Novice: 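My questions all concern the structure below.
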Amino acid sequence: MIKVKKENAEVFYDMSNKAYHATDAIGSHTVIDFGRSAAHAIVPLDEPTKAMEFGSACHKWILEQEDFYEEFAIPTLSLRSKAGKELAAELNAKDLTVISEPDFELIKKMKEALTPESEAYLSGAERELSIFWEREELPCKCRPDSLVFAGKDESGVSWHSVVDYKTAADASPHGFKNAILRYGYDQQASWYNDGVTAAGYNVREFVFVVQEKKPPYVNMVYKLSWPSILKAQDKNEKSVEILLDYQRTQIAKPFNSDNVMEIDVV
């Protein structure tokens, strides 16, 4: 792996997605989960669902198509047949994720449907970087989908756009705003901003490229406002405090509150 040591971070340029997720450093999903409920956050993750595997394959095909087949396999046999299931088991044993042929055809159609604006943000020269840094002695990580050069200011300082690709059932402004609030995408953006900054980049904007998974595979580019990112920093600070408190005490409260409390529905 190609590793570059920065002043405040380490950057890996060719770490696989599986290797990245296998590290013990804290990612944005863990921070978001602790902010919601420490009791739920410490539960071991389930095996990846088919939807998660589809999302990973979609990311890989759109962002790193050149080495897609190093991580994924597309059997021509029906995965519901006995022979197909046996082949899938053999491929899984080789550490390959199996994607059905119909799903792969869908992924290719999604790629073809990307607008020039979406393509421009997703085709940054630096893609799928794995960044590791420390925050309050907490090992942290992030893996932005794309870093796009966004020009230089009057003093010659280079700026970049941080880009994340999302699939969604509803890519409309209203629909994706709801997704941001539901899944904590604003906190993810803030966390990535911290990591990319630690790696020595100047961040101009955080961009989501959002695409629907059904025809006509509509895709939109959304730039998260800086007030939203700054507000999310406060959320992350509180989440990190909860995480560190759990590490010290090994006490994980449900919904980060007392078990007995008054509730008001008036």
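Keep in mind it's a predicted model, so treat the numbers as computed, not measured.
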Novice: So, Tyr20 versus Phe12, ring centres under 6.0 angstrom or not?
Specialist: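 Ring-ring flag for Tyr20/Phe12: false, centres at least 6.0 Å apart.
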Novice: Considering only heavy atoms from C-beta outward, does the side chain of Asp194 approach that of Gln233 to under 4.5 Å?
Specialist: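 Touching, per the 4.5 Å side-chain cut-off.
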Novice: Is there a salt bridge (charged side-chain N to carboxylate O under 4.0 Å, His left out) between Asp234 and Lys231? Walk through the geometry before answering.
Specialist: CA-CA 5 Å; Asp234 293 334; Lys231 186 176 181 180; over 6 Å; no
Novice: To the nearest 0.5 angstrom, please state how far the CZ atom of Phe132 sits from the CG atom of Asp24.
Specialist: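 So the CZ of Phe132 and the CG of Asp24 are separated by 10.0 Å.
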Novice: Look at the side-chain heavy atoms of Ile, Leu, Val, Met, Phe, Trp and Tyr, link any pair under 4.5 Å apart, and say whether Tyr183 and Met52 land in one connected group.
Specialist: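 They do not share one cluster, since no chain of ILVMFWY contacts under 4.5 Å joins Tyr183 to Met52.
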Novice: Can any side-chain N or O of Asn202 pair as donor or acceptor with the backbone N or O of Ser158 at less than 3.5 Å?
Specialist: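 Looks like yes, one N/O pair under 3.5 Å.
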Novice: What's the shortest heavy-atom distance between Ala199 and Ile131, and which atoms?
Specialist: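 Minimum heavy-atom contact is CB-CG2, 4.0 Å.
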Novice: Hey, are the side chains of Glu212 and Asn219 touching, using non-hydrogen atoms and a 4.5 Å cut-off?
Specialist: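 The answer is no; the side chains never approach within 4.5 Å.
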Novice: Okay, side chain of Asp33, backbone of Ser37: is any donor-acceptor separation there less than 3.5 Å?
Specialist: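 No, Asp33 side chain to Ser37 backbone: no donor-acceptor pair under 3.5 Å.
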Novice: By the side chain to side chain donor-acceptor pair (under 3.5 Å) test, which pairs, at least two apart or in different chains, include something from residues 254-266?
Specialist: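 Found none.
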Novice: Is a side-chain N or O of Asn193 found less than 3.5 angstrom from the main chain of Phe206, in a donor-acceptor match?
Specialist: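 Checked: no pair found.
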Novice: Give a yes or no answer on whether the side chain of Lys18 reaches the backbone of Asp95 with a donor-acceptor pair at less than 3.5 Å.
Specialist: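 Here the side-chain-to-backbone pair exists.
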Novice: Does Val221 sit in a hydrophobic cluster with other residues, and if so which ones, taking ILVMFWY side chains as linked at heavy-atom separations under 4.5 Å, directly or through other members?
Specialist: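 Listed partners: Phe54, Trp61, Ile62, Leu63, Phe68, Tyr69, Phe72, Ile74, Ile99, Phe104, Leu106, Ile107, Met110, Leu114, Tyr121, Leu122, Val148, Val163, Tyr165, Val207, Val209, Tyr217.
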Novice: Any donor-acceptor pair under 3.5 Å linking the side chain of Arg204 with the backbone of Ala150?
Specialist: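 Yes, because the side chain of Arg204 sits within donor-acceptor range (under 3.5 Å) of the backbone of Ala150.
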Novice: I'd like to check the side-chain contact (heavy atoms from CB on, under 4.5 Å) partners of His29; sequence neighbours left out, ordered by chain and number.
Specialist: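 Partners of His29 by the side-chain contact (heavy atoms from CB on, under 4.5 Å) criterion come out as none, since no residue qualifies.
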Novice: Is there a chain of hydrophobic side chains (I, L, V, M, F, W, Y, each step under 4.5 Å between heavy atoms) that links Leu244 to Phe34?
Specialist: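 Result: yes, single cluster for both.
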Novice: Can you list everything that forms a ring-ring contact (aromatic ring centres under 6.0 Å, His included) with Tyr201? Sequence neighbours excluded, please.
Specialist: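 For Tyr201, the residues satisfying ring-ring contact (aromatic ring centres under 6.0 Å, His included) (neighbours in sequence not counted) are His160.
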Novice: Report yes if some heavy atom in the side chain of Leu87 is under 4.5 Å from a heavy atom in the side chain of Glu90; otherwise report no.
Specialist: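 The answer is yes, as the side chains (C-beta and beyond) meet within the 4.5 Å cut-off.
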Novice: Output all residues satisfying side-chain contact (heavy atoms from CB on, under 4.5 Å) with Glu66, sequence neighbours left out; order by chain, then residue number.
Specialist: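 With sequence neighbours excluded, Glu66 shows a side-chain contact (heavy atoms from CB on, under 4.5 Å) to Glu64, given in chain and number order.
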Novice: Sequence neighbours excluded, which residues qualify as side-chain contact (heavy atoms from CB on, under 4.5 Å) partners of Ser81?
Specialist: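 Scan of Ser81 (side-chain contact (heavy atoms from CB on, under 4.5 Å), adjacent residues dropped) gives Ser78, Ala83.
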